[in-house]
**Student:** 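One structure, as structure tokens, below. Some questions next.
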Amino acid sequence: MSATAQHLQQDKDESPSFDRPVRRIARPWRDELARRLAVVEGLDPAERHVVLEAGHNALLQSLHAKLSRLFLIELHALRLAAGSGAAEADTETWAAFIEEADQDGYLDGLANRYPGLGPRIEAVARRWLTATAGCAERLAADRELLRPLLKGRAGALCALSFGAGDSHRGGLTVTRVDFDGGTVMYKPRPSEADVALGALLEELFASLPDAPAPHERIRVPRTLACAGYGWAEFIPHRYCADDAQLAVFYRNVGHWLAVLRFTGGTDMHAENMIAAGPVPVIVDAETLFDAPAPFPPSGRGDAVDVAAAAIRRTVLRTGLLPVRGTGFALGGVDISGVGSLPGQQPLIPNPVITDAGTAAARFQVDLVAMPVAGNHPSPTPVLSTYWDRVLDGFREMTAHLRRPGTDPSRLLRRFQGARARRILRPTQAYVDIGRMLWHPASLHDEGAAVERARDILRRNAEVLPGAPTDRAAIDSEAADLLAGDVPMFGFTVDEAAIRNTIEDWRTADLALEEAVIQDALVGAYLNERSLPARVQSAARDPHARDRERRRRALAAEMVRRLSEGAVRGADGTATWISPVFTPAGWSIRVLPADLYTGQGGVVLALAEYLSEERAGRADGVPGVAELFEGALRVLVSTEDRTPTPSPGAFSGAASQVWTWLALHRVTGDDRMLERAAERAALLTPGARLIEDDNEVDLLNGAAGAVVPLLNLAGATGQDRWLDAAAHIGRRLVGQATLDARGARWTTRLNPEGIGGFAHGATGIGWALARLALGEAGSAAERRGWDDLARRAFAYQESLYQPEAGNWLDARIGAEEDFFTSWCHGSAGIGVGMLDLHRRAGDPAHLDMAERAARACAAEGFGWSHTLCHGDLGLWQFLTSLGSGTPCDLDGEILTGLEQRGPVGGLAREAFSPSLMSGLCGVLHTLLRMHHAADLPDPLVLD
């Protein structure tokens, strides 16, 4: 985790409510620091004052974060003891508490309730004192040595900024030091690795053909390595001047990926890289020579373990490439070196004190934006524009490192003897445990709290191979956390570390590495609120001549591509590595169980191909039956062994229910129906996924469960599934936002409430209308659901722009006003309205569907070959409506696939096997293209 993200999780309050008592506690330590600084030679009085004030402010900030919860509890204890009335207006109790807490000996009076409090504060303060005084002593002693980093004399000390990073090893933090003559960074850790990496880059670029100019190539800050610490050049952030510099920057990112893959580098998150114009500068190179720990078998099949191990070895572990967090606090957050795109980060929880100044003061969790780091080369970076440059740079530097005559051992031998750091646990785990250890309950019974911390660390190691498991190491971690430090693990780079790193690099699967780079870059985009530039490239001279032969040949090609891209296990299981869409955003991983980009959609497409082959409507392809069986086994084990993230019809439990129902329809195997009922248990009243749902929409949320549950009730004849659907309908009624425009729903990803089918009012209204047409709930409830659905469609209609002939995309921050996609545009509106018209005969629904068809036809084909946001969704809608001749529509798809190959979504060259945004969607559409095919329809969950 970045230091900024960590600090947000440490109750860092911008207006310290308990400033007076904290200053009282810190006063003796400030005085002691002043005495220590008075004997430091080489600092004048003004400079000693600079150090004193900076150090004192850092201590105040640290103590305030640690003690705020205790002060709040004691405040409320005083209020209750005094019998105060309305706390909201009670400022006198607050003032009385501040006065009491601002007395000498106040903490001594709390010793009975919090016996560990005094010693804990002393431990924190002593570490701070030693670290601050040590920085001052080194600064004074080394001032004249800093000339090469400043390009001149340092001059007088002007300012210090402690805490530029996590606190380690006795309160030590990276510190910014400002002199009259410039700025340097103080790093209280061994810095030989930084020097060695700089020398490696010098040698590599000296012999690289077509190397960038010296001022435009990747580098690390110039570093002065001292005994156990170092001084580094300060790198100011600045944007690129033009598009040419941006292209150089992203080529340089590719160079870094190759160099870090060669040196086993990790943890290069957004705050470890500074964009200095066209040069991405790595400013912290302590995490090299990483040795990924082997994970135990997942229980999901050998293919999953092989795929997961392959991912862990790739450049993904460098931290430069986008990766979305999955924990509660940072769910969906991308802190990567080239990711962290503005506008693509979810708000994150940040505890703050509200109603300070009154007896009602309390902690409240606000949602705040992630702080902006200095890793981007422009104010509005469009990473997708330069994906190819990143790949080009990676290929170029990798080829240079692998050229004949290169001796990797000689290149890396310069690191031998340097100290390196190994990240054995996520920093977020340490932050959460550290906050727990400073909770008043923990201060009251420190022994129990420490034992709980040990237990958490032990259990964390069970799911995180490589994390410490022995008692001594865990005790050391707990001791650091008690004193406010983040534990740190280091090692000395030796011959074995160099040999292992080289072997890991030599045996890398370069094709997989390149695919991971391309796929992972998709993860920079949280959703499609801010789309990369799209390029329309319609088929040239589309035609449907010899349609059946071409259709069968293309379908067989898609199956072969799917087979070639599979990761297979020795036990016969099969899965894929791909960009995956989750409620937290896009991420590169082994396929999860869902329908949208997961294993479920792939298994269904394979089952459909086998079914059509048996019917004589598809060509035989060797190995498809075995691939289906292997993928099916992984689907079952993945559902059984991994948490289901949402209730949604495409990413969650409802997608699993629908997939098994569809498999039952395609295969006729009754075990599939039984499996659908088993997964539906996750969607019953009282189930966590339903009761805690804040996604709401069709794709991710509870609304998506309505139609699969209705389908399941129809297939099994069991009313309990109708009851489950009715319960969700009641929740949707309670969650609706109603106004003069109609009804809409606020969701986690779209809190403004939007239109559209997959994520907005039209899809939720469609689910309610389907509920109203069935037998779930009472007659009165069904009338209410129908009325709310009509109000949802009224809201969608309020977005219709006659002059554009389309519906406005209401998402705040959307870069295009109108879409024709299934997910956010007119194709989705059309398929939903057409489905309802065929079931209920309402001419208003048909009118909306026909207007949607005109909007889709006006924009035309040529975007991508996806069901969700491309030509395949348009084809299915227009074909179902009968808009346009089948030959013309089929010709667009067939000719486009022949001329361009299957084109995916955000990353056009990225391999995706998925149903809604990849190869399986192409396969599914080609199979449906036969007039006799009768296959399930995922777009309306039919």
Side-chain angles (χ1 to χ4, degrees), residues 537-566 574 576 601-632 662-663 665-668 861-862 864-868 870-880 882 884-904 911-939 942:
S537 181
R540 300 182 305 276
D541 302 320
H543 67 91
R545 296 185 297 275
D546 199 13
R547 176 173 54 178
E548 181 60 10
R549 180 195 62 79
R550 295 162 66 202
R551 181 193 71 83
R552 293 172 74 115
L554 283 168
E557 180 187 346
M558 295 306 109
V559 170
R560 282 191 289 269
R561 286 194 183 202
L562 198 62
S563 180
E564 291 166 0
W576 290 262
V602 177
V603 168
L604 177 59
L606 290 170
E608 290 176 337
Y609 193 86
L610 290 171
S611 174
E612 292 299 287
E613 181 187 337
R614 287 191 296 271
R617 296 188 288 267
D619 297 338
V621 175
V624 177
E626 293 78 8
L627 184 62
F628 166 73
E629 291 295 337
L632 182 66
L663 286 169
R665 173 175 163 181
V666 171
T667 67
F861 293 80
S864 69
H865 298 112
T866 65
L867 285 170
C868 177
D871 293 357
L872 305 186
L874 266 63
W875 175 89
Q876 185 161 320
F877 167 47
L878 295 176
T879 301
S880 299
T885 66
C887 287
D888 290 342
L889 295 172
D890 293 356
E892 285 282 356
I893 301 300
L894 295 174
T895 307
L897 286 169
E898 288 167 338
Q899 291 177 353
R900 295 196 293 163
V903 176
F911 172 83
S912 173
S914 74
L915 180 67
M916 296 301 293
S917 61
L919 282 179
C920 283
V922 178
L923 177 59
H924 169 84
T925 302
L926 290 168
L927 295 175
R928 282 180 63 94
M929 201 175 281
H930 194 284
H931 66 89
D934 183 24
L935 299 175
D937 181 1
L939 296 190
D942 181 12

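Nothing here was measured: the structure is a model prediction, and the numbers come from that model. Just the heavy atoms: all of them, side chains too, but no hydrogens, waters or symmetry mates, feed the values below.
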**Student:** Quick one: does Thr925's side chain have a donor or acceptor within less than 3.5 Å of a partner on Gly921's backbone?
**Tutor:**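 Judged by distance alone, yes, a pair lies under 3.5 Å.
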**Student:** Please identify each residue that fulfils salt bridge (Lys or Arg N to Asp or Glu O under 4.0 Å) with Asp546, with sequence neighbours left out.
**Tutor:**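 Asp546 satisfies salt bridge (Lys or Arg N to Asp or Glu O under 4.0 Å) with Arg549 only.
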**Student:** Considering non-hydrogen atoms only, spot the tightest contact between Pro913 and Trp576 and give its length.
**Tutor:** CG-CB, 3.7 Å
**Student:** Looking only at heavy atoms, what is the nearest atom pair of Val922 and Pro902, with distance?
**Tutor:** CG2-CB, 4.2 Å
**Student:** A side-chain contact here means heavy atoms from C-beta on lying under 4.5 Å apart; do Pro936 and Glu608 qualify?
**Tutor:**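 The answer is yes; the side chains approach within 4.5 Å.
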**Student:** With sequence neighbours excluded, tell me which residues meet salt bridge (Lys or Arg N to Asp or Glu O under 4.0 Å) with Glu613.
**Tutor:**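 By the salt bridge (Lys or Arg N to Asp or Glu O under 4.0 Å) rule, Glu613 matches no residue at all.
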**Student:** So, Arg550 and Thr895: side-chain donor and acceptor under 3.5 Å apart, yes or no?
**Tutor:**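 Side-chain D/A pair, Arg550 to Thr895: present.
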**Student:** Of the non-hydrogen atoms in Ala605 and Leu923, which two are nearest, and what is the gap between them?
**Tutor:** O-CD2, 3.9 Å
**Student:** Are Met558 and His865 packed together at the side-chain level, in the sense that at least one heavy-atom pair is separated by less than 4.5 angstrom?
**Tutor:**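 No, side chains not in contact.
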**Student:** Rounded to the nearest 0.5 Å, how far apart are CG of Asp937 and NE2 of His924?
**Tutor:**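 So the CG of Asp937 and the NE2 of His924 are separated by 6.0 Å.
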**Student:** Would you say Trp875's side chain and Met929's backbone share a donor-acceptor pair under 3.5 angstrom?
**Tutor:** no
**Student:** For Pro938 versus Leu867, what's the shortest heavy-atom pair and its separation?
**Tutor:**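 For Pro938 versus Leu867, the nearest heavy atoms are CG-CD1, 4.3 Å.
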**Student:** Rounded to the nearest 0.5 Å, what separates atom CG in Leu874 from atom CG in Leu889?
**Tutor:** 9.5 Å
**Student:** Hey, which of Arg617, Arg928, Arg552 is the one that makes side chain to side chain donor-acceptor pair (under 3.5 Å) with Glu612?
**Tutor:** Arg617
**Student:** Going by side chain to side chain contact (heavy atoms under 4.5 Å, CB included), name the residues that satisfy it together with Glu629, two or more places apart in sequence or in a different chain.
**Tutor:**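 In terms of side chain to side chain contact (heavy atoms under 4.5 Å, CB included), with neighbours along the sequence ignored, Glu629 is linked to Leu632.
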**Student:** Does Ala625 offer a backbone N or O that forms a donor-acceptor pair with the side chain of Tyr609 under 3.5 Å?
**Tutor:**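 No, Tyr609 side chain to Ala625 backbone: no donor-acceptor pair under 3.5 Å.
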**Student:** When rounded to the nearest 0.5 angstrom, what is the spacing between CD in Glu626 and CG in Leu606?
**Tutor:** 11.5 Å
**Student:** For residues Arg665 and Asp934, determine if any side-chain heavy atom of one lies less than 4.5 Å from a side-chain heavy atom of the other.
**Tutor:**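 With C-beta onward as the side chain, the pair touches.
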**Student:** Restricting to non-hydrogen atoms, name the atom on Val666 and the atom on Ser611 that form the minimum distance, rounded to 0.1 Å.
**Tutor:**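 In terms of heavy atoms, the two residues are closest at CG1-CB, 3.7 Å.
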**Student:** Is any NZ, NE, NH1 or NH2 atom of the basic residue among Glu564 and Arg560 found under 4.0 Å from an Asp or Glu carboxylate oxygen of the other?
**Tutor:** no
**Student:** Considering non-hydrogen atoms only, spot the tightest contact between Gly873 and Leu939 and give its length.
**Tutor:**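 Shortest heavy-atom contact: CA-CD1, 4.2 Å.
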**Student:** Flag the pair Val559 / Leu627 as yes when at least one side-chain heavy-atom distance between them is below 4.5 Å, and no otherwise.
**Tutor:** no
**Student:** Could you grab the distance from atom CG of Leu919 to atom OG of Ser912, nearest 0.5 Å is fine?
**Tutor:**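 Answer rounded to 0.5 Å: 7.0 Å.
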**Student:** One pair to check against side chain to side chain contact (heavy atoms under 4.5 Å, CB included): Ile893 and Leu554. What are the steps and the verdict?
**Tutor:** CA-CA 11 Å; Ile893 301 300; Leu554 283 168; over 6 Å; no
